Novice: 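Mind looking over this structure? Questions follow.
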Number of protein chains: 2
Amino acid sequence: MSDHNHMHADPEAALARAERVCRERGARFTSQRRRVYELIVCAGEPVTAYELLHRMGGDGGHPAPPTVYRALDFLQAHGLVHRLASQSRFVACDHPETGAHGGVFLVCDRCGRALEWQDERVARAVARSAREAGFELGDEVLPEVEGTCGDCRRG
Amino acid sequence: MSDHNHMHADPEAALARAERVCRERGARFTSQRRRVYELIVCAGEPVTAYELLHRMGGDGGHPAPPTVYRALDFLQAHGLVHRLASQSRFVACDHPETGAHGGVFLVCDRCGRALEWQDERVARAVARSAREAGFELGDEVLPEVEGTCGDCRRG
DNA sequence: CAAAAGACGATATAACATAACATTCTACGC
DNA sequence: GCGTAGAATGTTATGTTATATCGTCTTTTG
Ligand SMILES: [Zn+2]
Ligand SMILES: [Zn+2]
Ligand SMILES: [Zn+2]
Ligand SMILES: [Zn+2]
């Protein structure tokens, strides 16, 4: 019923997968976009746009905000990353090859990590609720809820 | 199963109800808090903190941001208003007397209005999903999803 | 009344995000 | 290869959302 979920996947594999996804869609996985995606994947946890920005520095300084926000817009549009509105942070999608991201984001209020937990039942319950309320759901429906993860509870 | 939901409730009734809720909890419903709450209730739709701020003006000018954010913190803590993270806006709760706010926020991407749709099934599905993932859910669990409301689809 | 806690005012700044326009790069037809 | 159109990026400036900090005033409580 509930899908197993792997975090901290191999960054190389994630990059290769992202490249393939973009090629299949005729989208350009440029160096900037690749760089931002790599930083998000390697972070392994939700990161802010400005954290990415500062990590993009190196030579003389970091780029301007629009640079990273544009890359993020692209990556979101292609389902490679998600924006966690409750945190104003961005996180890599666990399964960018599938079009659907049904389920729920479980955001830990202690360590800040987010689990993209796929669960058909949640997706169906939300869809049903929306229908009954006369709402037509949008494409990117990924509810976020707060709580404490197992690691943090156990100490 | 799904609860009927009334928006645009009588502001006077809402204020009286809020006052009662605070009194029962030993919390002080001060004039600032009352003012902010009234503005949110009367708005009838999600509003930003700065919209509230500017509407609080009148005599010589509006107060400083901390004033409204402090009132909002209080109102949120007592379940009188909710923050919609996906919009960075605040909206009055439909049923502040009950401790639980289980269900889902249906946020319209056209008119911007938000429906606090109570639905036990969504609440249960999310709770079950969290449990299976080893998460302990927090108190204020109100997932938000985007879509188009019935009025906007028909109109 | 005195002490303690809570609420509020005021200033400054941090953090998040986009508008607008110039420039460079890339793909594509010729 | 060359010209062109569209996409991507650079650059500057600004808009929007939220918090830190400290001093003062008010309410509660003993
Ligand atoms: Zn996803
Ligand atoms: Zn945790
Ligand atoms: Zn509520
Ligand atoms: Zn609508």
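Atoms considered below: every heavy atom in the structure, side chains included; atoms not considered: hydrogens, waters and symmetry mates. Only a predicted model underlies this, so the values are computations on that prediction, with no experimental measurement involved. Lettering of chains follows the sequences in order, A, B, ..., and the numbering in each one begins at 1.
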Novice: Given atom CG of A/Leu72 and atom P of C/dC16, what is their separation to the nearest angstrom?
Specialist: 12 Å
Novice: Can B/Tyr69 be classed as stacking with the base of D/dT19, given a centroid separation cut-off of 5.5 Å and a plane angle cut-off of 30°?
Specialist: no
Novice: Give the rounded distance in Å between these two atoms: NE2 of B/His78 and P of C/dA7.
Specialist: 8 Å
Novice: Is B/Gln87 near enough to D/dT17 that one of its side-chain N or O atoms lies under 4.0 angstrom from OP1 or OP2?
Specialist: no
Novice: Report yes if at least one side-chain N or O of A/Thr30 is closer than 4.0 Å to OP1 or OP2 of D/dT9; otherwise report no.
Specialist: yes
Novice: How would you label the contact of A/Arg83 with the nucleic acid (heavy atoms, under 4.0 Å): base, sugar-phosphate, or nothing?
Specialist: sugar-phosphate
Novice: Please tell me which of A/Ser88 and B/Gln32 maps to the more 5' nucleotide of DNA chain C, matching each residue to the nucleotide holding its nearest heavy atom.
Specialist: B/Gln32
Novice: Going by the rule side chain to side chain contact (heavy atoms under 4.5 Å, CB included), which residues pair with A/Cys42 if we only count those two or more places apart in sequence or in a different chain?
Specialist: A/Pro11, A/Glu38
Novice: Return the value, rounded to whole Å, for the distance between atom CZ of A/Phe29 and atom C1' of C/dT26.
Specialist: 18 Å
Novice: Just call it for B/Pro66: base, sugar-phosphate, or nothing, with non-hydrogen atoms closer than 4.0 Å on any strand.
Specialist: base
Novice: Would you kindly give the CE-to-C1' distance between B/Met56 and C/dC8, to the nearest whole Å?
Specialist: 11 Å
Novice: Under 3.5 Å, is there any donor-acceptor pair linking the side chain of A/Arg70 to the base of D/dG10?
Specialist: yes
Novice: Return the value, rounded to whole Å, for the distance between atom NE2 of B/His62 and atom P of D/dT16.
Specialist: 13 Å
Novice: Write down the atom of B/Gly103, the atom of B/Val122, and the distance for their closest heavy-atom approach.
Specialist: O-CG1, 3.8 Å
Novice: Is the aromatic ring centre of B/Tyr50 closer than 5.5 Å to the centre of the six-membered base ring of D/dT17, with the two planes inclined by less than 30°?
Specialist: yes
Novice: Go nucleotide by nucleotide along DNA chain C from the 5' end; which of B/Arg28 and B/Ala64 gets its closest nucleotide reached first?
Specialist: B/Arg28
Novice: Answer yes when A/Arg128 and B/Asp119 have at least one side-chain N-carboxylate O distance shorter than 4.0 Å, and no when they do not.
Specialist: no
Novice: Return the value, rounded to whole Å, for the distance between atom CG of B/Leu53 and atom P of C/dG9.
Specialist: 12 Å
Novice: Do B/Glu45 and B/Arg89 sit within salt-bridge range, that is, some charged N less than 4.0 Å from a carboxylate O?
Specialist: no
Novice: Do B/Glu19 and B/Arg34 sit within salt-bridge range, that is, some charged N less than 4.0 Å from a carboxylate O?
Specialist: yes
Novice: Just the rounded figure in Å: distance from C1' of C/dA17 to CD of A/Gln76.
Specialist: 12 Å
Novice: Figure out the CZ/C1' separation between B/Arg35 and C/dA7, and round it to whole Å.
Specialist: 17 Å
Novice: OP1, OP2 of C/dG9 versus side-chain N and O of B/Thr67: anything below 4.0 Å?
Specialist: yes
